[in-house]
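Remarks on the structure that follows.
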Amino acid sequence: SANLHTRSFILEQREPSERYSALATQIIDDPLLDAVKNSQVRIAYLESDWEKKSQGRPVLGQCEKVPDRFRWSVPYDFTITIFQPNVEHLNDKQLKILLLHELMHVGIEVDGNEEKYHVVPHDVEDFYTILDRYGMRWADE
């Protein structure tokens, strides 16, 4: 006889966020984002109800490139997801820093008239430019 195992699945809900889109619009003129601002890249700003963790630590946000195999159904090149339960303590200034961090993951290379996209990895656990500007503990209460 086969052993049946039951699993409990946590269903994450992600929805488009006008709030995060508006905050991103407020910071798009930052010189660190010139490549994003001057490109044709399409980014969806999403809010998740999931308390995502990595190595036991809360994940505040995540930038993901939409895989080519989904391009037929997803009208975006990247998604930026903010994990709402993990950022409830952040004020608008801190959320803008978080969005700046996530937007810095958007990599754009121009090949002739074509833009090619990739996710830029961290310099260190964050980006040096974020640490230089805002300090290592910018997301702390």
Side-chain angles (χ1 to χ4, degrees), residues 2-141:
N3 289 332
L4 296 178
H5 297 281
T6 58
R7 290 184 181 174
S8 61
F9 290 97
I10 297 173
L11 297 177
E12 175 190 13
Q13 297 291 317
R14 290 188 189 194
E15 296 186 5
S17 172
E18 290 182 26
R19 178 181 184 205
Y20 296 129
S21 180
L23 289 173
T25 300
Q26 293 174 26
I27 64 167
I28 200 66
D29 287 330
D30 190 300
L32 294 173
L33 301 176
D34 281 348
V36 173
K37 179 183 177 183
N38 298 323
S39 73
Q40 299 299 312
V41 69
R42 297 166 300 169
I43 302 170
Y45 297 91
L46 307 174
E47 179 177 306
S48 170
D49 66 350
W50 185 26
E51 281 186 69
K52 183 174 181 174
K53 293 188 184 229
S54 176
Q55 300 176 347
R57 295 176 51 197
V59 174
L60 305 181
Q62 179 176 347
C63 176
E64 298 172 285
K65 183 180 178 292
V66 174
D68 290 338
R69 68 181 182 277
F70 296 133
R71 298 298 308 224
W72 64 272
S73 65
V74 179
Y76 298 100
D77 303 302
F78 288 88
T79 60
I80 291 179
T81 303
I82 304 300
F83 298 97
Q84 192 57 37
N86 297 340
V87 300
E88 290 176 345
H89 67 283
L90 298 184
N91 59 37
D92 278 359
K93 179 182 178 186
Q94 291 168 312
L95 288 170
K96 288 177 187 178
I97 297 168
L98 173 59
L99 287 165
L100 175 63
H101 169 105
E102 296 306 330
L103 284 163
M104 288 178 67
H105 281 295
V106 175
I108 302 168
E109 293 178 21
V110 178
D111 184 12
N113 290 332
E114 184 181 355
E115 293 180 351
K116 295 183 180 184
Y117 305 124
H118 64 279
V119 175
V120 176
H122 296 129
D123 298 328
V124 287
E125 193 169 326
D126 203 328
F127 289 101
Y128 283 120
T129 51
I130 298 279
L131 298 175
D132 285 346
R133 272 195 200 177
Y134 303 107
M136 185 173 299
R137 307 195 68 72
W138 63 264
D140 287 350
E141 295 182 62

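Here the structure is a predicted model, which means the values were calculated and not measured.
- Taking CD1 of Ile108 as the reference point, atom NZ of Lys116 lies at 14.0 Å (rounded to 0.5 Å).
- A distance-only check finds no donor-acceptor pair linking the side chain of Ser21 to the backbone of Ser17 [under 3.5 Å].
- Arg133 meets the side-chain hydrogen bond (donor to acceptor under 3.5 Å, both in side chains) test with Asp30; sequence neighbours excluded.
- Scanning for side-chain hydrogen bond (donor to acceptor under 3.5 Å, both in side chains) contacts around Gln84 gives Tyr20, with sequence neighbours left out.
- Taking the six-membered ring where the residue is Trp, His101 and His122 present tilted rings, their angle falling between 30° and 60°.
- Residues Trp50 and Leu11 are not in side-chain contact: their nearest non-hydrogen atoms beyond the backbone lie 4.5 Å or more apart.
- Between Arg14 and Ser48, the side chains place no donor N or O within less than 3.5 Å of an acceptor N or O (distance only, hydrogens not considered).
- Using a 4.5 Å heavy-atom threshold, the side chains of Leu33 and Val106 count as separate.
- Side-chain contact between Lys53 and Val59 is absent, with no heavy-atom pair separated by less than 4.5 Å.
- Counting non-hydrogen atoms of other residues, nucleotides and ligands closer than 6.0 Å to CD of Glu88 gives a total above 12.
- In this view, Lys52 and Gln62 satisfy the side-chain hydrogen bond (donor to acceptor under 3.5 Å, both in side chains) rule, not counting sequence neighbours.
- Separating the CG atom in Leu23 from the CD1 atom in Ile28 is a distance of 12.5 Å, to the nearest 0.5 Å.
- With respect to Lys37 and Asp29, a salt bridge is recorded, a charged nitrogen being found less than 4.0 Å from a carboxylate O.
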